[in-house]
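Each chain gets a letter, A, B and so on, in the order its sequence line appears, and its residues count up from 1.
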Amino acid sequence: KQEVTQIPAALSVPEGENLVLNCSFTDSAIYNLQWFRQDPGKGLTSLLLIQSSQREQTSGRLNASLDKSSGRSTLYIAASQPGDSATYLCAVSSLSSNTGKLIFGQGTTLQVKP
Amino acid sequence: DTEVTQTPKHLVMGMTNKKSLKCEQHMGHRAMYWYKQKAKKPPELMFVYSYEKLSINESVPSRFSPECPNSSLLNLHLHALQPEDSALYLCASSLLLAAAFNEQFFGPGTRLTVL
């Protein structure tokens, strides 16, 4: 059974710092991994999707990497800003289930202090 | 149009009420999803529709009744809910149900409070 873990659960950094959020999964047989951002009480915003054949994806100040063999993905945020404060969720789509079901991690809540 | 819309934004209902949540997308996506999210938890999948047919029901109580009247619209009918059903209800869509095409796009959610 696929399990997704995100550590730490919460992170507080000063503005301008580069930071890394971690996501690990137990079954390396995945189709893809998606990173989302969620502001309090709001829906999820898709940030990046990495296909299983890819090693990384970039969008602006965000870079997501995927290492299937070790069951890990990281989301790198460069030059963090207070507006980056939110909860970040990773979710995997497993080969064992050829459906749209995503397995989510518990999320990392990020606070960027001015 | 690259967004998923949900109405209403907020809903307060009594345990004997009947209400409906609505979700709409115009991205040509053929898979649509309902999720329930409690505070400080990740979303939990409830239902999945593919080509307007129910594909997955994650053992959701019958007081939640989904409906997909066409490829752009997804409803969730609510009846005789319990206070513990209070949560943020999220709708999502993807191009197809198959995992290779299931990048999901979420709506803003409906905040439901059951009194």
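Of the atoms belonging to E58(B), it is side-chain heavy atoms, and not backbone ones, that fall under 4.5 Å from chain A. For Q6(B), no part sits under 4.5 Å from any heavy atom of chain A, backbone or side chain.
Hydrophobic cluster membership is shared by F47(B) and L81(B), with clusters built from Ile, Leu, Val, Met, Phe, Trp and Tyr side chains linked at under 4.5 angstrom. Put simply, I103(A) and L21(A) are part of the same group of oily side chains (I, L, V, M, F, W, Y) that touch within less than 4.5 Å, one to the next. Under the 4.5 Å side-chain heavy-atom criterion for Ile, Leu, Val, Met, Phe, Trp and Tyr, L97(B) and V92(A) are members of distinct hydrophobic clusters. The hydrophobic cluster containing V4(A) also contains L66(A), counting ILVMFWY residues as joined when their side-chain heavy atoms lie under 4.5 angstrom apart, directly or transitively. There is a path of hydrophobic side-chain contacts, each under 4.5 Å, that joins V114(B) to L78(B).
At a threshold of 4.5 Å between non-hydrogen side-chain atoms, the residues K101(A) and V48(B) do not count as touching. Taking the side chain as every heavy atom from C-beta outward, L48(A) and E103(B) never approach each other to under 4.5 Å. Between L45(B) and L102(A) the shortest side-chain heavy-atom distance does not fall below 4.5 Å.
The number of heavy atoms from other shown groups lying within 6.0 Å of NZ (K18(B)) does not exceed 12. Surrounding CZ of R30(B) are more than 12 heavy atoms belonging to other residues, nucleotides or ligands, all under 6.0 Å away.
Residue with the most contacts toward chain A among A31(B), G109(B), P42(B): P42(B) (heavy-atom pairs, distance under 4.5 Å). Ranked by non-hydrogen atom pairs under 4.5 Å with chain A, the options A39(B), S50(B), A92(B), P43(B) are led by P43(B). Interface summary for chain B: among L49(A), T45(A), L89(A), the most heavy-atom pairs under 4.5 angstrom belong to L49(A).
For G41(A) against L88(B), the heavy-atom pair with the smallest separation is O-CD1, 4.2 Å.
Annotation: residues 105-114 of chain A contacts chain B through G105(A), Q106(A) [non-hydrogen atoms, separation under 4.5 Å].
Atom CD of residue Q38(A) and atom CG of residue L90(B) lie 6.5 Å apart, to the nearest 0.5 angstrom. For the atom pair CD (Q104(B)) and CG (N32(A)), the distance works out to 9.5 Å, reported to the nearest 0.5 Å.
Listed by chain and number, the residues in a side chain to side chain donor-acceptor pair (under 3.5 Å) with S55(B) amount to none (sequence neighbours excluded).
Under the ring pair (Phe, Tyr, Trp, His ring centres under 6.0 Å) criterion, the residue pairs touching residues 72-95 of chain B are F64(B)-Y89(B), with sequence neighbours excluded. Sorted by first and then second residue, the pairs that involve residues 33-58 of chain A and meet ring pair (Phe, Tyr, Trp, His ring centres under 6.0 Å), not counting sequence neighbours, are F36(A)-F104(A), F36(A)-F106(B).
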